[in-house]
There are 2 protein chains.
Amino acid sequence: MTEKKEQILEAALHLFAQEGYAASSTSKIAKSAGVSEGLIFRHFGNKNGLLVELLKQTQETINQVFSPIFRETDPKKILLKTLNLPLSIEKKHYDYWRLQYKLRWEPAYTNSETFVPILTKFEEAFTSLNYENPKMEAILFNQLLNSIAIDILLNKFEKNYISFLKNKYKL
Amino acid sequence: MTEKKEQILEAALHLFAQEGYAASSTSKIAKSAGVSEGLIFRHFGNKNGLLVELLKQTQETINQVFSPIFRETDPKKILLKTLNLPLSIEKKHYDYWRLQYKLRWEPAYTNSETFVPILTKFEEAFTSLNYENPKMEAILFNQLLNSIAIDILLNKFEKNYISFLKNKYKL
DNA sequence: TAATAATGTGAGTAATCGCTTACAAAGATA
DNA sequence: TATCTTTGTAAGCGATTACTCACATTATTA
């Protein structure tokens, strides 16, 4: 991957995640990347190709973050590691997550829920812990995870909240 | 309010909520409303004025929905009525809620959290119910409410989930 | 009824949109 | 070194953008 190609991706990610896809013109992206506008189309075909490439990178980032949880078998550790996730995410990856959450509201980019498999992982954990309704507990837990992530991304995060949750789940 | 003015607002609300603000051109709005493009600017000055008017309506809609909860004093009923809220929302109001949640991701329209006062209402309820940490319980409860609303708007809603929550809170 | 105001239209504006293309520079291969 | 491929630029394309304005129609008031 060329240096300029990476600069384009970087600039586009930031603009898409902050201003939105439609509001980020290719000329703005090129200017922000310090590159001629034509180069975007040389490398990615069209504006949408740029987004597709970024979504691929986003998926990889997400997979990497979740993989230690998938490898975990101890139910309590599954929940504990999950609750530790949001705060362990690197600032430089924030735009990937912003893009992911933002695109949930764009019907055009039917981004299939990439977090789905984690739900069954939670369900297994709650089953092991003898919770009465593991399926629903998994949904609840997953919603909490998403809410925390969103609050962090939107700078509305209450830092004592996670310890409160750990206490609630006896972790 | 003229009929054509209302048609403009209706068309704009739907387009903004579905496709997004930037992606919804004034010409598309006018065509969808069955109105000349110039009329948008006669009534609302510019495209942003159209959004401002819609946000005002959104705020009114939200206030109306929450007002019975603000009037409620019985703590259990506060929580119960809140959990019943998401499913009681009229389909024709969905676009207002979509717009609201969508705009949370647009830093340009610093839409101050309109749900904030409800948090203290929840906190009062949990205090009355002798929960150990009412403040955090309120945050948790509020996150659940938002998650449910989002799931409904994104068609990912599990209908048994709300009864599960009612049971959890002994309501 | 006549004058005034509010509502509505459609053609037009400059600026910007995503994208193409001709061409130059740089790198790789023979 | 000579040829070919990849990487990069800049000008320019038709289409669309938000918006204006001169004008027509309808409603309100005097």
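Values reported hereafter were calculated over all heavy atoms of this structure, with side chains retained and with hydrogens, waters and symmetry mates removed. Numbered from 1 within each chain, the chains take letters A, B, ... in sequence-line order. It should be emphasised that the depicted structure is a prediction, and the values quoted were computed from it without experimental measurement.
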- Query: Using a cut-off of less than 4.0 Å, is there contact between a side-chain N or O of A:K4 and OP1 or OP2 of D:dG8?
  - Reply: no
- Between A:E137 and B:K168, is the closest basic N to carboxylate O distance under 4.0 Å? yes
- Whole-Å distance, B:K31 NZ to D:dT16 P, equals 9 Å
- Query: Roughly how far apart are B:Q100 CD and B:L55 CG, rounded to 0.5 Å?
  - Reply: 7.5 Å
- Ignoring backbone atoms, establish whether A:H43 has a side-chain N or O less than 4.0 Å from OP1 or OP2 of D:dG8. yes
- Message: Just the rounded figure in Å: distance from C1' of C:dA5 to CZ of B:R42.
- Response: 11 Å
- Task: Could you check which of C:dG8, D:dA18, D:dG8 has an atom nearest any side-chain atom of B:S25?
- Result: D:dA18
- Query: Taking the side chain of A:K47 as heavy atoms from C-beta outward, which of D:dG8, C:dC19, C:dT9 is closest to it?
  - Reply: C:dC19
- Task: Mind calculating the distance between CG (A:L15) and C1' (C:dG18) to the nearest angstrom?
- Result: 16 Å
- Message: Please confirm whether the shortest side-chain N or O distance from B:S36 to OP1 or OP2 of C:dG8 is below 4.0 Å.
- Response: no
- Give the rounded distance in Å between these two atoms: NZ of B:K28 and P of D:dA15. 18 Å
- Message: Please report the distance, rounded to the nearest Å, between CZ in B:F41 and P in D:dA18.
- Response: 7 Å
- Message: Mind checking if B:K5 touches a base, just sugar-phosphate, or nothing, with heavy atoms under 4.0 Å?
- Response: nothing
- Task: Write down the distance between CG (A:L39) and P (C:dA26), rounded to a whole number of angstrom.
- Result: 15 Å
- Proximal nucleotide (of C:dG18, D:dG8, C:dT7) relative to the A:E37 side chain: C:dG18
- Does A:I89 share a hydrophobic cluster with A:F70, counting links as ILVMFWY side-chain heavy atoms below 4.5 Å and allowing steps through other members? yes
- Query: So, B:D151 and B:Y161: side-chain donor and acceptor under 3.5 Å apart, yes or no?
  - Reply: no
- Query: Would you call the rings of A:Y169 and A:F126 parallel, tilted or perpendicular if under 30° counts as parallel and over 60° as perpendicular?
  - Reply: tilted
- Query: Roughly how many Å is it from CG in B:L51 to P in D:dA18, rounded to a whole number?
  - Reply: 13 Å
- Message: Tell me the interatomic distance from A:I40, atom CD1, to C:dC17, atom C1', rounded to whole angstroms.
- Response: 12 Å
- Query: How is A:T26 classified with respect to the nucleic acid when contacts are heavy atoms under 4.0 Å: base, sugar-phosphate, or nothing?
  - Reply: base
- Give a yes/no on whether any side-chain N or O of A:S27 is located under 4.0 angstrom from OP1 or OP2 of C:dC17. yes
